[in-house]
A.B. asks: 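Questions regarding the structure given below will be posed in turn.
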Amino acid sequence: MAKNVVVVGTQWGDEGKGKIVDWLTDHARGVVRFQGGHNAGHTLVIGQTEYKLNLVPSGIVREGVACYIGNGVVLDAHHLLSEIRKLEEGGLKVRDRLRISPGCPLILGYHAALDRAREAAKAAGDKIGTTGKGIGPTYEDKVARRALRVYDLFDRERFAEKLKANLEYHNFVLTQHLGAEAIEFQAVFDEAMADAAEILPMVADVSAELYAVNKAGGSLLFEGAQGTLLDIDHGTYPFVTSSNCVAGQAAAGSGVGPGRLHYVLGITKAYCTRVGGGPFPTELDIETAGTPGQQMSSKGREFGVVTGRKRRCGWLDLAALKRSIIINGVTGLCITKLDVLDGLKELKLCTGYQLDGKRIDLLPMGAEEVTRCEPIYETMPGWGGSTFGAQTWDALPQEARAYLHRIEEICEIPIDVISTGPERDETILRRHPFGA
């Protein structure tokens, strides 16, 4: 019987979703990306080989698994082709297994130019921390009903007509409002047409194909990008990404009915990290040697896959996690990077906040309110042994098991999977998402 699983990040992204998607893929016929763009970064370690993915779904490293880019993804075709070539150089077959929705809005050169120019114009404290990839401006064009979409690549004259109209509008903003250089029509058009020749053989009716897979008894895995607290509607707005990162978007962003999303796995780092601007109630000092924050940063190798920026680090925030569990309808949690906490004498769990003199137990909506939140901590003993590479629950130190049990108690949700390292077999399974 077909069963579909959605994998989402429950924090500010970078939770280790890629490894878990790859680990689960042996139970799936296909893996689906349903939102975001090449601002996502998933790192997979398979034996001695490390794969860094932005647009191609993480299932690509499993032979025989189909990969789908749904209509909710904004597509930089030029970047996608570059990513495909790198994977092919590493020996992976991609083009015969990758399907792209014709409904994907296209990221073009002027979108990235707008993204960078806007961020540069902001005052230091107002910068969002955008990757500058053109993601936000492309989603804006989609909502404004002027986006060029993959299906427009089929008609050269229609594409040119729409592109001219868009450039007239966006070049006015670039030059007159932002003081940036105008984008030339011919360069954008020629690149798009060259990319189209390679992209079009991979374009397919993704919604219909996913329906057919399920009808034939095949299971699907839906792979989220970024994290719930960066969601455009539910995150720490305006310090958020430009798409919906929550489980419900798996339906809208790929063209499947919500009734076919059977299990939601919430990926949760054993501590918290955040890249870019925005409030972070449990943030720690990551520069001072010997501090918990510095250990999280260095031992966790906390650098962005896409940007290379150092991630901010802090204690695990259960008030934020509970908000994510509610929003996503999380069925079970997967805790990652537990080994990064090895050796710390004591650990802190944020169980709520003081906000304007009152205790609250859930992350509030909006950056202004979150900025005023003061974390309320519960302290627990750390552990001296190593959790790295553990494959069974009993192999974990008693204090590590107590830490995980406390997370379950406060959040009232089971921890079904624990990732103890980057390799596939460095995983503790308590309940399988495809069998739950």
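Because the structure is a prediction, the values reported are computed rather than measured. Nothing fancy with the numbering, it's 1 onward along the sequence.
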A.B. asks: Give a yes or no on whether E184 atom CD has more than 12 heavy-atom contacts from other residues, nucleotides or ligands under 6.0 Å away.
C.D. replies: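 Check fails, neighbour count at 12 or below.
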A.B. asks: Measure from the side-chain N and O atoms of Q294 to the backbone N and O of I286, and report whether any donor-acceptor pair falls under 3.5 Å.
C.D. replies: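 No, Q294 side chain to I286 backbone: no donor-acceptor pair under 3.5 Å.
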A.B. asks: Answer yes or no: is there a side-chain heavy-atom contact under 4.5 Å between C313 and L284?
C.D. replies: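 Sidechains of L284 and C313: no contact.
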A.B. asks: Is it the case that over 12 heavy atoms from other parts of the model lie below 6.0 angstrom from the CD atom of E161?
C.D. replies: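 Check fails, neighbour count at 12 or below.
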A.B. asks: Quick one: do E412 and K322 make a salt bridge, cutoff under 4.0 Å?
C.D. replies: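 No, no charged N to carboxylate O under 4.0 Å.
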A.B. asks: May I ask you to decide if the ring planes of H111 and H170 are parallel, tilted or perpendicular, using 30° and 60° as cut-offs?
C.D. replies: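 Perpendicular.
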A.B. asks: Is it the case that over 12 heavy atoms from other parts of the model lie below 6.0 angstrom from the NZ atom of K299?
C.D. replies: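 It does: K299 NZ has more than 12 such atoms within range.
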A.B. asks: Kindly compute the distance separating SG (C104) from CZ (R33), expressed to the nearest 0.5 Å.
C.D. replies: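 Answer for the SG-CZ pair, C104 versus R33, is 9.5 Å.
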A.B. asks: Can T387 and T420 be said to form a side chain to side chain donor-acceptor pair (under 3.5 Å), step by step?
C.D. replies: CA-CA 6 Å; T387 63; T420 58; over 6 Å; no
A.B. asks: What's the verdict on salt bridge (charged side-chain N to carboxylate O under 4.0 Å, His left out) for R406 and E378, showing C-alpha distance, side-chain angles and the deciding distance?
C.D. replies: CA-CA 10 Å; R406 190 62 181 138; E378 182 175 301; 2.5 Å; yes
A.B. asks: Between K86 and S82, is there a side-chain donor-acceptor contact under 3.5 Å, judged purely by atom types and distance?
C.D. replies: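 K86 and S82 do not have a side-chain donor-acceptor pair below 3.5 Å.
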A.B. asks: Do I135 and H38 come within less than 4.5 Å of each other through their side chains, counting heavy atoms only?
C.D. replies: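 Yes, side chains in contact.
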A.B. asks: With side-chain contact (heavy atoms from CB on, under 4.5 Å) as the test, would you mind laying out the steps for L344 and Q295 before giving the verdict?
C.D. replies: CA-CA 9 Å; L344 290 177; Q295 176 169 318; 3.4 Å; yes
A.B. asks: For the residue pair F434 and H432, categorise the inter-ring angle as parallel (less than 30°), tilted (30 to 60°) or perpendicular (more than 60°).
C.D. replies: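 Tilted, since the angle between the ring planes falls between 30° and 60°.
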A.B. asks: Do other residues, nucleotides or ligands put more than 12 heavy atoms under 6.0 Å from the OH atom of Y211?
C.D. replies: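 For Y211, atom OH is not crowded (no more than 12 foreign heavy atoms under 6.0 Å).
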A.B. asks: Atom CD of E369 and atom CE of M365: how far apart are they, to the nearest 0.5 Å?
C.D. replies: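 Between atom CD of E369 and atom CE of M365 there are 10.0 Å.
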A.B. asks: Do D231 and Q226 pass the side chain to side chain donor-acceptor pair (under 3.5 Å) test, and can you show the C-alpha distance, the side-chain angles, and the key distance before you say yes or no?
C.D. replies: CA-CA 8 Å; D231 183 270; Q226 289 86 42; over 6 Å; no
A.B. asks: Got a salt bridge between D14 and K269, using NZ or NE/NH1/NH2 to carboxylate O under 4.0 Å?
C.D. replies: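 No, D14 and K269 are not salt-bridged.
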A.B. asks: Provide the closest heavy-atom pair for L229 versus S324 in the form atom of the first, atom of the second, distance.
C.D. replies: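 Closest approach of L229 to S324: CD2-OG, 3.7 Å.
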A.B. asks: Would you please test Y263 and D416 for side chain to side chain donor-acceptor pair (under 3.5 Å) and show each step?
C.D. replies: CA-CA 12 Å; Y263 178 107; D416 287 344; 2.6 Å; yes
A.B. asks: I'd like to know if K337 pairs up with E426 as an ion pair, taking the criterion as any Lys NZ or Arg NE/NH1/NH2 lying under 4.0 Å from an Asp or Glu carboxylate oxygen.
C.D. replies: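 Answer for the salt bridge query: no.
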A.B. asks: Could you state the interatomic distance from CZ (R401) to CH2 (W393), rounded to the nearest 0.5 Å?
C.D. replies: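 Taking CZ in R401 and CH2 in W393, the distance rounds to 7.0 Å.
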A.B. asks: Without hydrogens or angle criteria, can the side chains of T427 and S419 be said to hold a donor-acceptor pair below 3.5 Å?
C.D. replies: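 Absent: no donor and acceptor within the cut-off.
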A.B. asks: What is the distance from atom CD of E15 to atom CD1 of I20, rounded to the nearest 0.5 Å?
C.D. replies: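 The distance works out to 11.5 Å.
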A.B. asks: May I ask you to check whether Y271 and E302 show a side-chain donor-acceptor distance below 3.5 Å?
C.D. replies: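 Distance-only check passes for Y271 and E302.
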A.B. asks: Short question: side chain of K19, backbone of E423 - any donor-acceptor pair under 3.5 Å?
C.D. replies: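 The answer is yes, because a donor-acceptor pair under 3.5 Å joins these two groups.
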A.B. asks: What distance do L53 atom CG and E223 atom CD have between them, rounded to the nearest 0.5 Å?
C.D. replies: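 The CD atom of E223 is 7.5 Å from CG of L53, to the nearest 0.5 Å.
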A.B. asks: Apply the side-chain contact (heavy atoms from CB on, under 4.5 Å) test between L318 and each candidate in L349, D361, T268; give the one that qualifies.
C.D. replies: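 Answer to the side-chain contact (heavy atoms from CB on, under 4.5 Å) test with L318 among L349, D361, T268: L349.
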A.B. asks: Below 4.0 angstrom, N of the basic side chain to O of the carboxylate: do E63 and R97 qualify?
C.D. replies: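 So E63 does not pair with R97 through a salt bridge.
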A.B. asks: Do V56 and L87 make a side-chain contact, defined as non-hydrogen atoms from C-beta onward lying under 4.5 Å apart?
C.D. replies: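 When only atoms from C-beta onward are counted, L87 and V56 do touch, with a gap below 4.5 Å.
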A.B. asks: Got a list of side-chain donor-acceptor pairs under 3.5 Å for residues 249-262, not counting sequence neighbours?
C.D. replies:
| unit_1 | atom_1 | unit_2 | atom_2 | d |
| --- | --- | --- | --- | --- |
| S254 | OG | A250 | O | 2.4 |
| R260 | NH1 | N214 | OD1 | 2.7 |
| H262 | ND1 | N4 | N | 2.8 |

A.B. asks: Heavy-atom distance under 4.5 Å between the side chains of F388 and L338, does that happen here?
C.D. replies: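 No; the side chains remain at least 4.5 Å from each other.
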A.B. asks: Quick check against the 3.5 Å criterion: does T25 have a side-chain atom that pairs as donor or acceptor with the backbone of V21?
C.D. replies: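 Checking the backbone N and O of V21 against the side chain of T25, a donor-acceptor pair under 3.5 Å is found.
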A.B. asks: Testing the 3.5 Å rule here: is there a donor-acceptor pair between the side chains of D141 and Y169?
C.D. replies: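 Absent: no donor and acceptor within the cut-off.
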A.B. asks: Test your reading of the model: is there a side-chain donor-acceptor pair from S101 to the backbone of G103, 3.5 Å cut-off?
C.D. replies: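 Judged by distance alone, yes, a pair lies under 3.5 Å.
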A.B. asks: I want to check something: taking the side chain as every heavy atom from C-beta on, are F280 and T282 in contact at a cut-off of under 4.5 Å?
C.D. replies: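 Yes, close enough: below the 4.5 Å cut-off.
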A.B. asks: Within a reach of under 6.0 Å around CZ of R430, are more than 12 heavy atoms found that belong to other residues, nucleotides or ligands?
C.D. replies: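 Enclosed.
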A.B. asks: Are any non-hydrogen side-chain atoms of L163 and F185 less than 4.5 angstrom apart?
C.D. replies: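 Sidechains of F185 and L163: in contact.
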A.B. asks: Below 4.5 Å, heavy atoms only, C-beta onward: do R85 and L81 meet side chain to side chain?
C.D. replies: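 They are in contact (side-chain heavy atoms under 4.5 Å apart), so the answer is yes.
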A.B. asks: Please report the interatomic distance CG(L55) to CG(L80), rounded to the nearest 0.5 Å.
C.D. replies: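 CG of L80 is found 5.5 Å from CG of L55.
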A.B. asks: Identify whether the distance between the nearest side-chain nitrogen and carboxylate oxygen of D76 and K133 falls below 4.0 Å.
C.D. replies: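 Answer for the salt bridge query: no.
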A.B. asks: What do you reckon, is CD of E88 surrounded by more than 12 foreign heavy atoms closer than 6.0 Å?
C.D. replies: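 More than 12 within 6.0 Å, yes.
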A.B. asks: Quick check on R158: does its CZ atom have over 12 non-hydrogen neighbours (other residues, nucleotides or ligands) under 6.0 Å away?
C.D. replies: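 Check passes, neighbour count above 12.
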A.B. asks: Is R62 reaching over with its side chain to a backbone N or O of D22, donor-acceptor style, under 3.5 angstrom?
C.D. replies: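 Yes.
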A.B. asks: Taking the side chain as everything from C-beta on, heavy atoms only, tell me whether E283 gets closer than 4.5 Å to R274.
C.D. replies: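 No, their side chains stay 4.5 Å or more apart.
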